[in-house]
**Q** 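Here it is, the structure, as structure tokens.
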Amino acid sequence: MHIYRTHTCAALTEAAVGEKVRISGWINRKRDHGQLVFIDLRDHYGLTQCVADSSDASFAIVEATRLESVVTITGEVVRRSEDTINTSLPTGHIEVRIENFEVQSAADTLPLQVNSDEDSGEETRLRYRYLDLRRGRPHANIMLRAQIIQSIRARMVDQGFTEFQTPILTASSPEGARDFLVPARLHPGKFYALPQAPQQFKQLIMVSGFDRYFQIAPCFRDEDSRADRSPGEFYQLDLEMSFVEQQDVFDAVEPVIRGVFEEFSDKDCGKEWVHIPFAESMLKYGNDKPDLRIPFEISDVTDIFRDSGFSIFAKNIEKGAVVRAVPGPKCGSRAIADRMNSWAQGEGAPGMGYIIYGEGEARGPVAKALGAEKAEDIRLQVGAEDGDAVFFACAEPDAAASLAGRARVKIGQDQNLIDERVFRFAWIVDFPMFEKDEVTGKIDFSHNPFSMPQGGMQALQDMDPLDIKAWQYDLVCNGVELSSGAIRNHLPEVMYKAFEIAGYDNKVVDDKFPAMINAFRFGAPPHGGIAPGIDRMVMLIADEPNIREVILFPMNGKAEDLMMAAPSDVDDSALNELHVRRAPVPKKSG
RNA sequence: GGGGGUGUAGCUCAGUUGGUUAGAGCGCUGGCCUGUCACGCCAGAGGCCGCGGGUUCGAGUCCCGUCACUCCCGCCA
């Protein structure tokens, strides 16, 4: 007999009755009746009830062993009597009569309760992550993640993609987020960077003549965390394809993503994934990652307020402001409207005007100043009914869109208008190539400097830079940005020109992107790709509100690994070897 | 860097308008219990109420500061 186990804790059923077996695992729960004690033994696979009574030699030690101790139990599988069958357990028709009980590893008093469905505090969970991960839901989430990644690999290979590995120690690149740097021992004063994504490598893979690449790629960005953004590192399904247009990328990716969501979730994934131009998304949803489950849209009512009796808005419009209207279904009460107004103030806006529609008339100060006719125009445009409200964001276009967008989400949530049983996907397309920095007025790349401008060189030469669109797209699901991609700019002259518009001369391109700009001189295939976030996909499928729930050993919000105690101090000798010296930590002012 | 929320037993949380000895469930220790499966019953241990200061006759509760965790803004090609 194997020294640890002949079966797992899920394997024993009525078929095994009469067999002498050995199982090992953790004591999940104990029910001590004095002369009779039950143990639920748990392993990765399931639970098996084991039982001993006072006549058994091991009875005392069974009673005395604490929860979560690891034990090996040897004994006979016995059928439970009819009245003691537990139908909620797959192994509930049998139990193991304990003949021998060996403690492999005794557990101290636990810092968190493993057999509870209730989460402990984040700090405790992360510090004792190995205990947290024994619990049902975290354990299942990690298994789900593994299965999803497995499925993605199979689907990608089926579609003719090949998985390659790209370097982890690479060069810092000027664009994007803050880099993690690694001092280069052999090159005093120089640093490697961890890749923010294998962006340049995957393009070079295409130049190398491989046709369809993918990788479950680790990406490193030194950015502050959010609920849907793990600090430091995350994984992307990174992929790139040669000789493709935008729609080819969509056609390759859509079945993979849809397939995975449909395989692992019961939620409806929609018939077709809509394409929404960036500008339309900003107008209707106030952001570039719309939650299409919210059943109403924002509309522009600037013209109705222009030169109107509502002078605050009218004056702002003259100065370039716009007015965006957010419908508030069933929000037609003073209390709700006031709450929205103070919410908006909390968001940094001066407030939110509103009109309440009820009993056939428009009410509130805005309606009064505007007059019944214009209030009715708004009602018709927005599609409001009796009992609804309409809220207004008046500001310069970006700020108005943003506030209206946040208000839309808040109303959707507060009024319970979000259908939790569906995934609503959308491709956001036609991103602008350039944008103007509000503070400096400088024109810069709005998304990815390697994207091909729509219209190519011609567009760069002839058009107002701010009007040029890029072959740049995002995949969005339920208000979460799942993915970002582009058809790349593989033409050196077009690349120089694009960087020139953004204020960088040819030398900058040559210095900062030597690999790409050189490679493109030796025959580069037109290519494009995308990189869906693995963690976010798993988070959506697992229906978890926080990305840490689908990561084995996540860091906390301050990018610390509480379990491993990282980051940590290092010896001076290690620093000396790396030619690195500590700078004094600046004292806090005040 | 900024804003919100939270911080009370090992864990999850309650704690009234400021008022006597700060509670519950789980866990832990001891006792009872031979059919439980969130077993039950009895008893017990366990608290710098995050920390520091202030107001007050009196602070878990009010005020100021600070720290930690968390959510959001900034940031995220």
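Numbers restart at 1 for each chain; the letters A, B, ... are given by sequence-line order, proteins then strands.
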**Q** If you count the non-hydrogen atoms of other residues, nucleotides and ligands that lie under 6.0 Å from CG in A:Asp569, is the total more than 12?
**A**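 For A:Asp569, atom CG is not crowded (no more than 12 foreign heavy atoms under 6.0 Å).
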**Q** Roughly how far apart, to the nearest Å, are B:C62 and B:U17 at atom P?
**A**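 The answer is 10 Å between these two P atoms.
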**Q** Could you give the distance separating B:C71 and B:G30 at their C1' atoms, to the nearest angstrom?
**A**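 Each nucleotide's C1' atom is 44 Å from the other's.
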**Q** Distances under 3.5 Å between protein N/O atoms and the N/O atoms of nucleotides 73-76 of chain B, please, pair by pair.
**A**
{"residue": "B:C73", "atom": "OP2", "partner": "A:Arg226", "partner atom": "NE", "Å": "2.7"}
{"residue": "B:G74", "atom": "N7", "partner": "A:Arg226", "partner atom": "NH2", "Å": "2.6"}
{"residue": "B:G74", "atom": "O6", "partner": "A:Asp224", "partner atom": "OD2", "Å": "3.4"}
{"residue": "B:G74", "atom": "O6", "partner": "A:Arg226", "partner atom": "NH1", "Å": "3.0"}
{"residue": "B:G74", "atom": "O6", "partner": "A:Arg226", "partner atom": "NH2", "Å": "3.2"}
{"residue": "B:G74", "atom": "N1", "partner": "A:Asp224", "partner atom": "OD2", "Å": "2.6"}
{"residue": "B:G74", "atom": "N2", "partner": "A:Asp224", "partner atom": "OD2", "Å": "3.3"}
{"residue": "B:C75", "atom": "O2'", "partner": "A:Glu223", "partner atom": "OE1", "Å": "2.7"}
{"residue": "B:C75", "atom": "O2'", "partner": "A:Glu223", "partner atom": "OE2", "Å": "3.4"}
{"residue": "B:C75", "atom": "O2", "partner": "A:Glu223", "partner atom": "OE1", "Å": "3.0"}
{"residue": "B:C75", "atom": "O2", "partner": "A:Arg229", "partner atom": "NH2", "Å": "2.9"}
{"residue": "B:C75", "atom": "N3", "partner": "A:Arg229", "partner atom": "NH2", "Å": "2.9"}
{"residue": "B:C75", "atom": "N4", "partner": "A:Arg226", "partner atom": "NH2", "Å": "3.3"}
{"residue": "B:C76", "atom": "O4'", "partner": "A:Glu223", "partner atom": "OE1", "Å": "3.4"}
{"residue": "B:C76", "atom": "O2", "partner": "A:Arg229", "partner atom": "NH1", "Å": "2.6"}
{"residue": "B:C76", "atom": "N3", "partner": "A:Arg229", "partner atom": "NH1", "Å": "3.4"}

**Q** Quick check on salt bridge (charged side-chain N to carboxylate O under 4.0 Å, His left out): which of A:Arg129, A:Lys558, A:Arg548 does A:Glu122 satisfy it with?
**A**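 Per the salt bridge (charged side-chain N to carboxylate O under 4.0 Å, His left out) rule, the option paired with A:Glu122 is A:Arg548, out of A:Arg129, A:Lys558, A:Arg548.
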**Q** Partner lookup for B:U61, please. Criteria are Watson-Crick or G-U wobble with both distances under 3.5 angstrom; report none if nothing qualifies.
**A**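 Base-paired to nothing in any strand shown.
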**Q** Could you identify the nucleotide paired to B:U66, looking across every strand shown and requiring Watson-Crick or G-U wobble geometry with both distances under 3.5 Å?
**A**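 Matched B:U66 with B:G50 under the 3.5 Å cut-off.
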**Q** Checking side-chain polar atoms at under 3.5 Å, does A:Tyr213 have a donor or acceptor matched by the opposite partner on A:Asp238?
**A**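 A:Asp238 and A:Tyr213 do have a side-chain donor-acceptor pair below 3.5 Å.
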**Q** Distance alone, cut at 3.5 Å: any donor-acceptor contact between the side chains of A:Asn448 and A:Gln472?
**A**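 On atom types as modelled, these side chains do not qualify, holding no pair under 3.5 Å.
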**Q** Sticking with atom P, work out how far B:U21 lies from B:G58, rounded to a whole angstrom.
**A**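 Between the two P atoms, the distance is 15 Å.
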**Q** Each nucleotide N or O in nucleotides 3-6 of chain B that has a protein N or O under 3.5 Å away: list the pair and distance.
**A**
none

**Q** Which one is paired to B:U55, where only Watson-Crick or G-U wobble pairs with both distances under 3.5 angstrom count?
**A**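 Here B:U55 is not engaged in any pair, so there is no nucleotide opposite it.
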**Q** Is there a Watson-Crick or G-U wobble partner for B:G10 with both distances under 3.5 Å, and if so, which one is it?
**A**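 Partner of B:G10: B:C26.
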**Q** Reckon A:Asn115 touches a base, only the sugar-phosphate, or nothing at all at heavy-atom distances under 4.0 Å?
**A**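 Here A:Asn115 touches no strand at all.
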**Q** Between A:Leu562 and A:Asn448, which residue's closest nucleotide on RNA chain B lies nearer the 5′ terminus?
**A**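 It is A:Leu562, whose closest nucleotide lies nearer the 5' terminus.
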**Q** Which residue, A:Phe450, A:Tyr496, A:Tyr504, forms the ring pair (Phe, Tyr, Trp, His ring centres under 6.0 Å) with A:Phe513?
**A**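 Looking at A:Phe450, A:Tyr496, A:Tyr504, the match for A:Phe513 under the ring pair (Phe, Tyr, Trp, His ring centres under 6.0 Å) is A:Phe450.
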**Q** Between A:Thr91 (side chain) and A:Leu47 (backbone), is there a donor-acceptor pair under 3.5 Å?
**A**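 Yes: the side chain of A:Thr91 pairs with the backbone of A:Leu47.
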**Q** For the NZ atom on A:Lys497, are there more than 12 heavy atoms of other groups (residues, nucleotides or ligands in this structure) within a distance under 6.0 Å?
**A**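 Check passes, neighbour count above 12.
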**Q** Any side-chain donor paired with an acceptor under 3.5 Å for A:Asp56 and A:Ser58?
**A**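 There is no such pair (donor and acceptor under 3.5 Å, judged by atom type) between the side chains of A:Asp56 and A:Ser58.
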**Q** Quick check on RNA chain B: between A:Gln199 and A:Asn546, whose nearest nucleotide comes earlier from the 5' end?
**A**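 In this pair, the answer is A:Asn546.
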**Q** Report yes or no: do A:Glu123 and A:Asn556 form a side-chain donor-acceptor pair below 3.5 Å?
**A**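 Absent: no donor and acceptor within the cut-off.
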**Q** Sort out the partner of B:C32 for me: Watson-Crick or G-U wobble, both distances under 3.5 Å, none otherwise.
**A**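 WC or wobble partner is B:G40.
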**Q** Heavy atoms only, 4.0 Å cut-off, all strands: where does A:Arg548 land among base, sugar-phosphate and nothing?
**A**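 It contacts sugar-phosphate atoms only.
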**Q** A:Gln113 near the nucleic acid: base, sugar-phosphate alone, or nothing, with a heavy-atom cut-off under 4.0 Å?
**A**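 If one applies the 4.0 Å heavy-atom cut-off, A:Gln113 turns out to touch a base.
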**Q** Checking all strands, does A:Leu47 fall into the base, sugar-phosphate, or nothing category for heavy-atom contacts under 4.0 angstrom?
**A**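 If one applies the 4.0 Å heavy-atom cut-off, A:Leu47 turns out to touch nothing in the nucleic acid.
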**Q** Please pick, from B:U29, B:A68, B:C71, the nucleotide with the shortest atom-to-atom distance to any side-chain atom of A:Lys558.
**A**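 So the side chain of A:Lys558 is nearest to B:A68.
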**Q** Centre-to-centre under 6.0 Å for A:Phe445 and A:Phe499, is that the case here?
**A**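 Ring centroids of A:Phe445 and A:Phe499 are less than 6.0 Å from each other.
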**Q** For B:C76, give its Watson-Crick or G-U wobble partner with both distances under 3.5 Å, or none.
**A**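 The answer is none; no pair meets the criterion.
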**Q** Go through the side-chain N and O atoms of A:Asn141 and A:Glu544 and say whether any donor and acceptor fall under 3.5 Å apart.
**A**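 A:Asn141 vs A:Glu544: donor-acceptor pair found between side chains.
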**Q** Keeping the roles fixed (side chain from A:Thr65, backbone from A:Ile61), state whether a donor-acceptor pair exists under 3.5 Å.
**A**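 Yes, A:Thr65 side chain to A:Ile61 backbone: donor-acceptor pair under 3.5 Å.
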**Q** With the sugar-phosphate defined as primed atoms, P, OP1 and OP2, and the base as all remaining atoms, what B/S/- string results for nucleotides 33-39 of chain B, 5' to 3', for protein heavy atoms under 4.0 Å?
**A** BBBBBSB
